Student: 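This is the structure, below, for whatever I ask next.
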Amino acid sequence: MEDFQKRYGVKVGLAPTRRNVFSREDAQKYKNLIENKLKSWGIKYVNLNNINKEGLLSTPTEVPKIVEYFRKEEVDAIFAPHCNFGTEDAVAELGRQMCKPFLLWGPRDEAPLPDGTRLRDTQCGLFATSKILRRFGVPFTYIINSRVDDSVFECGFRNFIGAASVVREFRSLRIGQIAPRPLAFWTVIINEGELLERFGVKVIPITMTEIVDAVHRKVKENKNILKETIQDFKKRVAFTKIDEGSIKRMAALKLVLIEWAERECLSAIAFQCWTALQDALKIFPCFVDSELTGMRIPVACETDIHGAITAVMLQASLLGATPTFFADLTIRHPENEDSELLWHCGPFPYLLRDEEAERKPSVGKHYIPEIKCPGVAEWKIKGGDITVARFDGDRGEYSLLMGHARGTEGPFNRGTYIWVEVNDWPMWEERIIRGPYIHHVAGIHGQVAPVLYEACRYIPGLKPDPVDPTEHEILSILRGR
């Protein structure tokens with residue numbers, strides 16, 4: 001878990017601000033209170049103590065030094081709490097030059113003193129700064145003016161950190177593509193050039209022949225790491241009527257994909273999982289896909305690059321705390337009108353399995369296509385709160401579908417699966433049918449639609465498309481309502 005926290009941890013550039021005509025003492029007091037709160041939440045940050053004695057931004061002339069320092073420290077986001085009225089031109093210039101997710105907030109003012117004077121006028125300053133941020137074209141996140149100990153501040157701040165993590169991962173996306181899409185899957189056609197030009201998404205292709213040859217070499221070498229991988233497989237899952245040669249090729253495929261992902265610094269993989277691999281290696285990659293996804297290298301089936309992008313965004317929303325799962329939207333529940341089956345042949349991570357399920361985790365032969373090669377994982381995953389999402393687009397317009405669901409009971413299925421319930425499935429179904437979405441989605445345990453919604457603020461050309469909660473409800477959640 002520490003490795004994932006190190007990889008996904010967000011470093012904040014803390015730039016508390018004050019204005020000279022208001023209380024310097026109270027500004028210092030609130031700077032300290034805010035820093036203590038961030039420390040208690042375990043937030044990694046750098047402050048302005050190296051810039052001036054106060055550690056407060058109060059003049060635009062200091063902005064160049066702060067920008068240089070924050071860039072040297074490789075901060076992922078900027079937080080400019082207004083410890084009194086603040087200095088709007090300096091704050092806005094900092095936001096303009098840094099081009100990072102930007103959080104605007106200030107602690108709620110106390111009552112005026114008995115003589116009628118006010119020490120901070122924080123809210124007034126927030127109104128001023130927001131206008132200049134707009135003038136400068138700086139997108140920003142805003143938390144309602146609230147007290148340091150209010151839950152709305154903590155909720156809003158954590159949501160911002162998740163959004164900053166999503167933005168950072170999105171801006172550095174490298175999706176490994178193994179072979180072209182399956183012949184019949186027109187649904188996963190993408191515009192690679194447009195993804196690169198508009199969003200900076202890099203697609204890193206490799207041929208199936210290269211993967212297959214690497215697997216054969218790995219099997220022939222038969223090193224200890226291959227044997228250890230096989231032993232690890234057998235400790236955790238039951239292999240049903242599968243020969244040792246097939247298990248060895250699965251283990252070799254896992255190692256080959258990990259090495260390739262590390263070599264190319266891949267965010268995720270889109271795999272042409274059938275039919276070329278079965279012709280060459282006589283295995284399906286489903287179980288191997290589940291293994292990599294559990295390692296936080298999401299694998300999308302059927303060369304679905306948009307699906308792989310979705311999985312990366314979901315994974316980053318919770319700072320890598322839990323893996324995603326890649327699913328088909330398949331059938332409605334036979335009795336529950338608002339329940340749907342999320343399923344796929346076997347790529348849901350073993351880490352997500354329902355440990356209370358009667359059936360033990362197993363890997364067997366595929367049960368759908370004519371070629372019955374082994375490699376299909378079979379288990380139900382745990383329930384609880386789930387976020388379902390889909391990044392997709394056509395005709396030059398892109399959007400991110402997002403919504404909350406919860407695990408529910410339903411009939412037994414082969415492969416990896418979970419039944420989920422939503423508040424209004426017909427609404428979901430119509431939204432997906434109207435597009436630009438397909439039958440593939442990514443899921444994660446947790447409710448992160450507000451995080452994804454906020455992340456879209458910093459990704460030009462990507463429209464948030466919340467289903468449930470609605471946009472109005474998400475904004476209400478972020479306001480603490």
Side-chain angles (χ1 to χ4, degrees), residues 1 3-4 7-8 162 165-179 181 188 190 195 199 201-206 211 253-254 256-273 284-329 342-353 377 381 386-392 400-402 415-418 438-446 448 451-452 455:
M1 189 63 215
D3 290 339
F4 298 130
R7 172 182 168 187
Y8 286 99
S165 174
V166 173
V167 172
R168 182 187 58 194
E169 296 300 310
F170 189 89
R171 289 178 176 175
S172 60
L173 277 169
R174 291 173 60 86
I175 306 298
Q177 177 183 332
I178 302 177
R181 63 178 173 83
V188 296
I190 62 141
L195 287 178
F199 302 117
V201 176
K202 298 178 180 67
V203 176
I204 314 301
I206 192 170
I211 294 293
L253 178 61
K254 176 180 177 179
V256 166
L257 293 182
I258 291 171
E259 290 171 2
W260 177 52
E262 291 177 346
R263 185 170 64 249
E264 295 291 349
C265 299
L266 300 180
S267 310
I269 294 172
F271 202 154
Q272 189 225 75
C273 40
F284 277 91
C286 310
F287 172 57
V288 174
D289 294 349
S290 78
E291 292 285 282
L292 266 76
T293 302
M295 295 173 65
R296 313 313 195 266
I297 308 172
V299 181
C301 309
E302 291 135 353
T303 328
D304 185 357
I305 289 171
H306 286 176
I309 291 171
T310 312
V312 173
M313 296 179 78
L314 277 176
Q315 186 168 272
S317 70
L318 286 174
L319 310 183
T322 186
T324 60
F325 58 95
F326 185 79
D328 274 359
L329 299 167
L342 302 186
W343 167 95
H344 226 284
C345 312
F348 294 11
Y350 173 84
L351 287 173
L352 299 181
R353 72 196 183 284
I381 64 171
I386 289 172
T387 300
V388 176
R390 174 74 190 180
F391 169 94
D392 220 326
L400 181 63
L401 182 84
M402 61 189 77
T416 49
Y417 73 96
I418 183 173
I438 66 170
H439 60 294
H440 286 170
V441 296
I444 196 167
H445 287 81
V448 297
V451 174
L452 298 175

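The structure presented is a predicted model; accordingly, all values stated were derived computationally and were not measured. One-based numbering along the sequence shown. Side-chain atoms are counted along with the backbone in the values below, which use heavy atoms only and exclude waters and symmetry mates.
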Student: Classify the side-chain pair E169/Y8 by whether it contains a donor and acceptor separated by less than 3.5 Å.
Tutor: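 No, Y8 and E169 have no side-chain donor paired with an acceptor closer than 3.5 Å.
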
Student: Where do V441 and T310 land on the side chain to side chain contact (heavy atoms under 4.5 Å, CB included) test, with the steps shown first?
Tutor: CA-CA 8 Å; V441 296; T310 312; over 6 Å; no

Student: So do M295 and K254 actually touch side chain to side chain, heavy atoms under 4.5 Å?
Tutor: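 Yes - at least one pair of side-chain heavy atoms lies under 4.5 Å apart.
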
Student: Is there a donor-acceptor contact under 3.5 Å from the side chain of R353 to the main chain of Y350?
Tutor: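 Side chain of R353 to backbone of Y350, a donor-acceptor pair under 3.5 Å: yes, one is there.
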
Student: Grab the two heavy atoms, one from V312 and one from S267, that are nearest each other, plus how far apart they are.
Tutor: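 Heavy atoms of V312 and S267 come nearest at CG2-O, 3.7 Å.
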
Student: Considering all heavy atoms of both residues, which atom of P323 and which atom of I444 are nearest to each other, and what is their separation?
Tutor: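 That would be O-CG1, 3.8 Å.
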
Student: I438 vs R390, test: side chain to side chain contact (heavy atoms under 4.5 Å, CB included). Steps then yes/no.
Tutor: CA-CA 8 Å; I438 66 170; R390 174 74 190 180; 3.4 Å; yes

Student: What verdict does the side chain to side chain contact (heavy atoms under 4.5 Å, CB included) test give for T387 and V451, after you've listed the backbone C-alpha separation in whole Å, the side-chain angles of each residue and the deciding distance to 0.1 Å?
Tutor: CA-CA 11 Å; T387 300; V451 174; over 6 Å; no

Student: Indicate yes or no for a side-chain donor-acceptor contact from T293 to the backbone of S290 under 3.5 Å, with no hydrogens or angles considered.
Tutor: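 Here the side-chain-to-backbone pair does not exist.
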
Student: My understanding is that only residues two or more places apart in sequence, or in another chain, count here; which of them pass side chain to side chain donor-acceptor pair (under 3.5 Å) with W260?
Tutor: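 Checked W260 against side chain to side chain donor-acceptor pair (under 3.5 Å); zero matches.
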
Student: Treating R296 as the side-chain partner and G320 as the backbone partner, does any N or O pair qualify as donor plus acceptor under 3.5 Å?
Tutor: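 Yes; at least one donor-acceptor contact below 3.5 Å.
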
Student: With sequence neighbours left out, what residues match C273 under side chain to side chain contact (heavy atoms under 4.5 Å, CB included)?
Tutor: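 Listed in chain order: P285, C301, E302.
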
Student: If you compare all heavy atoms of F271 against all heavy atoms of D289, which two are closest, and at what distance to 0.1 Å?
Tutor: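 So the two residues come closest at CD1-OD1, 3.5 Å.
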
Student: Rounded to the nearest 0.5 Å, how far does NZ of K202 lie from CD of Q177?
Tutor: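 Between Q177 CD and K202 NZ, I get 16.0 Å after rounding to 0.5 Å.
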
Student: Which value, rounded to the nearest 0.5 Å, describes the distance between L342 atom CG and I386 atom CD1?
Tutor: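 Answer rounded to 0.5 Å: 7.0 Å.
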
Student: Within this structure, what is the CD1-CG distance for the pair I178 and L253, rounded to the nearest 0.5 Å?
Tutor: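 Between atom CD1 of I178 and atom CG of L253 there are 7.5 Å.
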
Student: At their closest point, which heavy atom of C286 faces which heavy atom of C345, and how far apart are they?
Tutor: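 Where C286 meets C345 most closely, the heavy atoms are SG-CB, 3.6 Å.
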
Student: Please tell me whether H306 and H440 form a close aromatic pair, meaning their ring centres lie under 6.0 Å apart.
Tutor: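 So the answer is no for these two rings.
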
Student: Would you find a donor on one side and an acceptor on the other, under 3.5 Å apart, between the side chain of S165 and the backbone of A316?
Tutor: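 Yes, the answer is positive, given that a donor and an acceptor are paired below the 3.5 Å cut-off.
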
Student: Can you tell me how far apart CG (D304) and CD1 (I175) are? Round to the nearest 0.5 Å.
Tutor: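 The CD1 atom of I175 is 10.5 Å from CG of D304, to the nearest 0.5 Å.
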
Student: Check the orientation of F325 and F348. Use parallel for under 30°, tilted for 30 to 60°, and perpendicular for over 60°.
Tutor: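 Aromatic pair F325/F348 classed tilted.
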
Student: Looking at every heavy atom in both A308 and I269, which two are closest together, and how far apart are they?
Tutor: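 So the minimum-distance heavy-atom pair works out to CB-O, 4.1 Å.
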
Student: With a 4.5 Å heavy-atom cut-off, do L195 and I305 have their side chains touching?
Tutor: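 Heavy-atom side-chain distance check passes, below 4.5 Å.
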
Student: Where is the tightest heavy-atom contact between G346 and T416, given as atom of each residue plus distance?
Tutor: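 Nearest heavy atoms, G346 then T416: CA-OG1, 3.3 Å.
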
Student: How would you list, by chain and number, every residue that makes a side chain to side chain donor-acceptor pair (under 3.5 Å) with R174, sequence neighbours excluded?
Tutor: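 Scan of R174 (side chain to side chain donor-acceptor pair (under 3.5 Å), adjacent residues dropped) gives E264.
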
Student: Say you draw a straight line from CD1 of I190 to CD1 of I309; how long is it, rounded to the nearest 0.5 Å?
Tutor: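 If we round to the nearest 0.5 Å, I190:CD1 and I309:CD1 are 7.0 Å apart.
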
Student: Which distance, rounded to the nearest 0.5 Å, do you find between the CG of L266 and the CG of L257?
Tutor: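 Here the interatomic distance stands at 9.5 Å.
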
Student: What do the steps show when you test L314 against L452 for side chain to side chain contact (heavy atoms under 4.5 Å, CB included), and what is the final call?
Tutor: CA-CA 8 Å; L314 277 176; L452 298 175; 3.8 Å; yes

